[in-house]
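Scroll down for the structure; my scribbles are underneath it.
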Amino acid sequence: MIDIVSAIITTAVTWKTVIGGVVILGVTFGLAPGLLLNIAVLIFPKCHPRRAELINELKVVPFFQRALWVFSALGVTVTEGLPARVRSIRADRAQPAEAKLDADRAEAAPDANEPDEDASPVQAHPLTRIGKRSIMERLTKRLDTRWATTIGVSIASMPLLVVAMRSGIDDVWRGASSGAVAFAGLAALILAARRERNAVHRARLDLTITTDDVRAALGPDADHLMAQTDVDVDELVRRINIEIATLPILPDPPAGRLPTGQAAGGEPPD
Amino acid sequence: MRKTHALIQVAAALLEDPHARQWGYDTAKRAGVRSGVLYPMLTRFLEAGWVTDGWENPDAINGRPPRRYYQLTQGGLAQLGALLAEVETDPRFAAILADRRRTRRLLNLTPNVTPGMAT
């Protein structure tokens with residue numbers, strides 16, 4: 001029996017297995033727990049105290065207990081870190097939207113100290129402007145993206161055009177056809193981009209609210225809501241358009257229709 | 001807070017030295033709970049105002065990152081003390097406290113956890 005055990009030990013214990021064992025030991029209890037924990041705590045939001053706490057606490061955990069401690073701490077990262085991360089993401093998403101809304105409200109609201117040249121006798125509802133502007137911004141952003149894509153594709157197709165032109169020198173027919181295709185493609189892309197750009201400009205110039213805008217603002221239940229509140233959409237659109245319109249020109253009343261004793265620009269009667 | 005074995009163990013561990021700073025790993029070891037159980041519980045204690053937390057002064061330690069500590073508040077001392085006093089007579093938890101006392105006796109530690117401590 002002893003011979004068998006000593007034979008196994010002699011066979012198993014070599015320099016390679018000893019070095020391998022030390023490496024495995026070092027990795028399992030030294031490197032791996034720290035690495036694993038450092039990765040796992042990333043689930044916590046950046047400023048969460050638990051992130052630093054767990055990493056720093058690992059330094060005082062005895063070497064051979066580290067792996068177990070880290071595996072247990074992984075539970076913390078899931079039970080505490082995940083909800084914290086979700087809350088953080090929700091807060092991040094909500095914050096810019098609220099900030100943007102506040103900025104829009106501040107922009108839309110007339111400054112009390114500055115005389116507003118476009119002040120309308122009917123006070124414009126800030127949300128009306130916000131809704132209109134956000135629609136415009138979304139449209140612009142979408143078209144800007146398309147515009148950038150078009151430019152990118154055009155630039156990328158330039159070498160193809162050059163190659164097509166050069167091949168045309170060698171082979172007149174093939175070169176002419178490929179060059180024409182490339183030119184046609186490029187021209188089509190540029191024209192499409194220009195059309196989109198013009199559409200944006202038209203959309204920017206067109207500040208009136210349409211029935212579609214109202215429907216988009218009210219969402220899928222637009223018809224139901226309007227039926228419930230008995231709102232005339234055309235009347236609603238007309239009123240909103242009046243509110244967001246710039247100061248209408250008020251014609252001077254005819255001199256003959258002024259009240260007695262009041263001339264245009266004169267002092268009002270007491 | 002629901003009374004569980006882990007809660008009683010952590011409460012007993014914290015009340016062993018109620019005015020001292022408590023560290024995560026040490027508390028887990030003394031309470032005999034996993035870190036996955038201890039830390040969420042400490043978070044609940046923090047939210048309830050039973051403990052306060054802080055970080056070690058980096059100047060006072062050399063070559064080691066500062067650790068986070070927890071310290072029982074007066075409210076926490078009263079609440080956890082009352083909790084332990086309450087469960088002392090509960091047969092479900094009495095065994096845990098008896099084990100802790102036996103262990104402390106064996107290790108020659110001063111028994112700080114006594115029933116009705118906060119009262």
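Computed from a predicted structure; not experimentally measured. In what follows, chains are A, B, ... by sequence order, proteins preceding strands, each numbered from 1.
Nearest heavy-atom pair across A:Glu57 and B:Tyr25 is OE2-N, 2.9 Å. Shown here for B:Ser35 and A:Val76, the closest heavy-atom pair between the two residues is O-CG2, 3.3 Å.
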For residues 37-44 of chain B, run the donor-acceptor check on the side chains, cut-off 3.5 Å, and write out each pair with its distance to 0.1 Å, sequence neighbours left out.
unit_1: B:Thr43; atom_1: OG1; unit_2: A:Arg50; atom_2: NH2; d: 2.3
unit_1: B:Thr43; atom_1: OG1; unit_2: A:Glu80; atom_2: OE2; d: 2.3
unit_1: B:Thr43; atom_1: OG1; unit_2: B:Tyr39; atom_2: O; d: 2.9

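Proximity of B:Pro66 to A:Asn56: side-chain heavy atoms (C-beta onward) are separated by under 4.5 Å at one or more points.
Pairs passing the salt bridge (charged side-chain N to carboxylate O under 4.0 Å, His left out) check and including a residue from residues 20-39 of chain B, sequence neighbours excluded, read B:Glu16-B:Arg30, B:Asp26-B:Arg67.
With a 4.5 angstrom heavy-atom cutoff, A:Leu54 touches chain B only via side-chain atoms. Both the backbone and the side chain of B:Trp23 come within less than 4.5 Å of a heavy atom in chain A.
Of the residues considered (A:Leu58, A:Val60, A:Thr79), A:Val60 shows the highest number of contacts with chain B, using heavy-atom pairs under 4.5 Å.
In this structure, A:Leu42 places its CG atom where more than 12 heavy-atom neighbours from other residues, nucleotides or ligands lie under 6.0 Å away.
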